[in-house]
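All remarks here apply to the structure that follows.
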Amino acid sequence: MTSLPGGASAERSHVEESRRAKRDAIEALGILPFAYRFERSHTALEALALYDDRMGEDGPLVAVAGRIAALRSQGKTGFAHLEDSSGRIQVYFRRDALGALWELVQLLDLDDHVGVSGRLFRTRTGEVTVRAEAVTLLAKSLRPLPRGKTQVAEDGVQTFGGLADPEVRYRQRYADLAVHPEVREVFRLRARAIAWLRAFLDARGYLEVETPILQPLYGGAAARPFVTHHNALDMPLYLRIADELYLKRLLVGGLERVYEIGHDFRNEGMDRTHNPEFTMLELYEAYSDYEGMMQLCEEMVGGVVEACCGSRRIERDGTTLDFTAPWPRVRFVEGIRERAGVDVRTADEADLRRLLVRRGVSADEAATFAGGKLQDEMFKAFLEPELVQPTFLVDYPVALSPLAKRHRDDATLTERFELFVGGKELVNAFSELNDPDEQRRRFEDQAQQRAAGNEEAQLYDADYIRALEYGMPPAGGLGMGIDRLLMVITGLPSIRDVILFPAMRPES
RNA sequence: GGGGGCGUAGCUCAGCUGGUAGAGCAAGGGACUUUUAAUCCCUAGGUCGUGGGUUCGAGUCCCACCGCCCUCACCA
């Protein structure tokens, strides 16, 4: 990093120096390098659609605005491509048509924001173009964007070279977005998906709510929290790791269908599928159960995939993911038993560890697994990699699910499912435990695990128990990782590709 | 945190077994009134991630550190 923002001139590149010199020259012409406003008549795409070849050299008058994405000076004329959020349009500058403004055109750089008005025509080479009659500088770019050369082809814009370093792309997302229209498209798609989910739930009578992000007790998931401090109350507060316990309090209060879309914060490792803050959709529906949630899931996830990808069958990594309902269900205990030959609820723990070691887990590690953790490791080793097609993994052991209702037919299990797509967990849902005394016992069990060193065991939440004592209707609830959903929808390999500003170590 | 890889001009990259840096694009000057990866001529631009070490000599070899990527672990 030789040139830092606002650094001394000695630290700036010659490119930046030259742009600042042009900025000064523009000011000397009495022109503002950073304008206040521009009334554009059409976006690039709208303007292009306006032209008809019968109009010849004198098409309609348009005023377009955008960033200069290509600039070709040619003596007393020049061509530029303006890029706005709709696309690109070419602009043709002529000295004899611009008069005094020609001086300004000479001082334009790639990446400047400009507004151009003029008539549309088609060039010899066939491109619909604005013949500039007036040019307004809207914002001088003092730092060149890391863009490559581009070629406008019939099937889109082809780039040669350009910003490729993933570090710069994530740290300077503004630059990444500015030079990569396809990245802008990812985040449009993200917004479309979230809007679709809201519309879907609103149409089903769900109420969108907001619950605390700063919580005196964190719960609803197993994870280490971020801790902060409230000065006025002089007490620690935790950034939520889940919305669950607050949303279920609302069921007690008579809000029968609620959902929340917001960030959860988990103080854990970061990798391709984990960012410390991520977007979660949680929803709860009174008088439903996990069966109801599976149906809802098929409609909702299948629907959003279809809305974003145009089909419920999408091609990912050479396989077709088929979101057409119904989706297969695999029972947690039976699924493992079919592959490992043991019942994880009743098998001797030493035998389970031996199976894990035979499966490739290191002996030292396996020795540390016990209880619910051991069962989960068995799942990861024997079952998870097979869950590529949308699949419900159902009926988890009780030890793994302290907030889920016991299975109606088998007291060792809970009515819980997770949806897996591409081998990754996308949704977690259950029939919500609404017996306050059993919930109390589950919390006490978690407290014991905590005392035994499990940092992620859930905290005893007395206020939540009090709420349940008032009576919570039976309900189904569901949580879905929005970022991971977007990874499925876009086919992008890293959660950082679908989060605008992913967490990064600080620079310098 | 373990293992592997990478870090050279604004951007994309070369740089063989050590002999103190190259290209294309971008930039500056010039030519060019329908070009589109415009073209042609000329010019400038780099403490090779940081700090040590080995060596007569380090972009290159060694060590440490910083950052990123991949992978494993953690994340039910």
Side-chain angles (χ1 to χ4, degrees), chain A residues 1-3 12-19 21-22 57 69-81 88 90-98 102 109-111 121-127 129 131 143-153 157-171 175 179 221-224 241 266-276 278 332 360-362 364-365 368 371-377 379-380 384 393 396-397 399-404 416 418 425 428 446 449 454-458 493-494 496 504-508:
Chain A
M1 302 292 126
T2 52
S3 59
R12 290 196 194 111
S13 71
H14 59 287
V15 182
E16 291 165 67
E17 287 300 343
S18 123
R19 290 185 173 212
K22 287 184 189 170
E57 289 286 298
L71 192 56
R72 295 177 293 280
S73 162
Q74 214 179 308
K76 298 179 188 65
T77 66
F79 289 90
H81 272 97
R88 296 179 163 221
Q90 183 169 254
V91 175
Y92 178 45
F93 300 110
R94 291 173 66 99
R95 188 168 77 169
D96 56 11
L98 285 164
W102 180 250
D109 283 304
L110 214 52
D111 308 324
F121 74 109
R122 190 182 290 279
T123 64
R124 258 181 224 162
T125 47
E127 183 164 355
T129 299
R131 192 189 310 101
R143 177 186 293 268
L145 281 168
R147 58 164 88 242
K149 279 193 92 87
T150 53
Q151 179 181 27
V152 183
V157 177
Q158 199 184 350
T159 305
F160 303 85
L163 179 57
D165 183 346
E167 179 175 355
V168 177
R169 291 189 48 213
Y170 298 142
R171 284 195 194 281
V179 303
R224 281 144 66 197
I241 59 173
R266 297 185 184 176
N267 206 340
E268 311 275 4
M270 295 154 59
D271 63 26
R272 205 173 55 242
T273 57
H274 296 84
N275 197 64
F278 58 99
F332 188 97
V361 178
S362 86
D364 290 347
E365 257 193 275
T368 67
K373 173 75 186 159
L374 185 57
Q375 296 174 342
D376 193 48
E377 288 298 326
F379 158 68
K380 283 186 182 171
E384 187 175 37
L393 185 68
Y396 281 60
L400 282 170
S401 315
L403 300 166
R416 171 186 175 188
E418 290 193 345
E425 174 195 347
N428 182 25
Q446 291 285 308
Q449 287 191 34
N454 180 356
E455 266 190 273
E456 286 164 356
Q458 305 219 10
S494 171
R496 290 181 156 176
M504 299 285 280
R505 277 200 176 77
E507 282 180 89
S508 76

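Chain identifiers are assigned alphabetically (A, B, ...) following the order of the sequence lines, protein sequences preceding nucleic acid strands; residue numbering begins at 1 within each chain. The model shown is predicted, which means the values in this text are computed figures rather than measured ones.
Taking atom CZ of Arg19(A) as the reference point, atom C1' of G10(B) lies 9 Å away to the nearest angstrom. Taking atom CD of residue Glu167(A) and atom P of nucleotide C11(B), one finds them 12 Å apart after rounding to whole Å. Between the P atom of A73(B) and the CD atom of Glu268(A) lies a distance of 15 Å, rounded to the nearest Å. The interatomic distance linking Glu384(A) (CD) with C74(B) (P) rounds to 11 Å, in whole Å.
The same atom, P, is picked in C48(B) and in G59(B); the two are 7 Å apart, to the nearest Å. Taking the C1' atom of each, A23(B) and U55(B) are spaced 31 Å apart, rounded to whole Å. Nucleotides U60(B) and U17(B) are separated by 10 Å at their C1' atoms, to the nearest Å. Straight-line distance between the P atoms of A64(B) and G22(B): roughly 32 Å, to the nearest whole Å. Comparing the C1' positions of C6(B) and C13(B) gives a spacing of 14 Å, expressed to the nearest Å. Of the P atoms belonging to A31(B) and U8(B), the separation is 37 Å, rounded to the nearest Å.
Looking at the side chain of Glu57(A), the nearest of the listed nucleotides U34(B), U12(B), G67(B) is U34(B). Of the candidate nucleotides U34(B), C68(B), C70(B), C70(B) has the atom lying nearest to any side-chain atom of Arg272(A). When the nucleotides G28(B), U35(B), A27(B) are ranked by their closest atom to the side chain of Phe79(A), U35(B) comes out on top. Taking only side-chain atoms of Glu127(A), from C-beta outward, the nucleotide of C68(B), A73(B), U36(B) with the closest atom is U36(B).
Residue Asp165(A) places no side-chain atom within donor-acceptor reach of the base of C11(B), judged by atom type and a 3.5 Å distance cut-off alone. Within 3.5 Å, no donor on the side chain of Gln74(A) pairs with an acceptor on the base of U35(B), nor the reverse. At a cut-off of 3.5 angstrom, counting only N and O atoms as typed in the model, there is a donor on one side and an acceptor on the other between the side-chain of Thr123(A) and the base of U35(B). For Arg94(A) against U33(B), a side-chain N or O and a base N or O form a donor-acceptor pair under 3.5 Å. Scanning atom types as modelled, one donor and one acceptor separated by under 3.5 angstrom connect the side chain of Thr125(A) and the base of U35(B). At a cut-off of 3.5 angstrom, the base of U34(B) holds no donor-acceptor pair with the side chain of Arg124(A). One donor-acceptor pair, N or O on each side, does fall under 3.5 Å between the base of U35(B) and the side chain of Gln90(A).
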Step by step, work out the ring-ring contact (aromatic ring centres under 6.0 Å, His included) result for Phe93(A) and Phe79(A). CA-CA 6 Å; Phe93(A) 300 110; Phe79(A) 289 90; 8.8 Å; no
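By the 4.0 Å N-to-carboxylate-O rule, Lys22(A) lies close enough to Asp109(A) to be salt-bridged with it. Between Glu57(A) and Arg122(A), none of the side-chain N atoms (NZ, or NE/NH1/NH2) sits under 4.0 Å from a carboxylate O, so this pair counts as no salt bridge.
Residue Arg95(A) is classed as having no contact, given no heavy-atom separation below 4.0 Å to the nucleic acid.
Between Arg72(A) and A38(B) there is a side-chain polar atom (N or O) within less than 4.0 angstrom of OP1 or OP2.
Pair assignment for U12(B) gives A23(B), based on Watson-Crick or G-U wobble hydrogen-bonding distances that are each under 3.5 Å.
Defined by atom type and a distance below 3.5 Å, a donor-acceptor pair is present between the side-chain atoms of Ser401(A) and Arg416(A). Checked by atom type, the side-chain pair Tyr396(A)/Glu418(A) shows a donor-acceptor distance below 3.5 Å.
When each of Thr77(A) and Arg505(A) is assigned the nucleotide of RNA chain B bearing its nearest heavy atom, the one mapping closer to the 5' terminus is Thr77(A).
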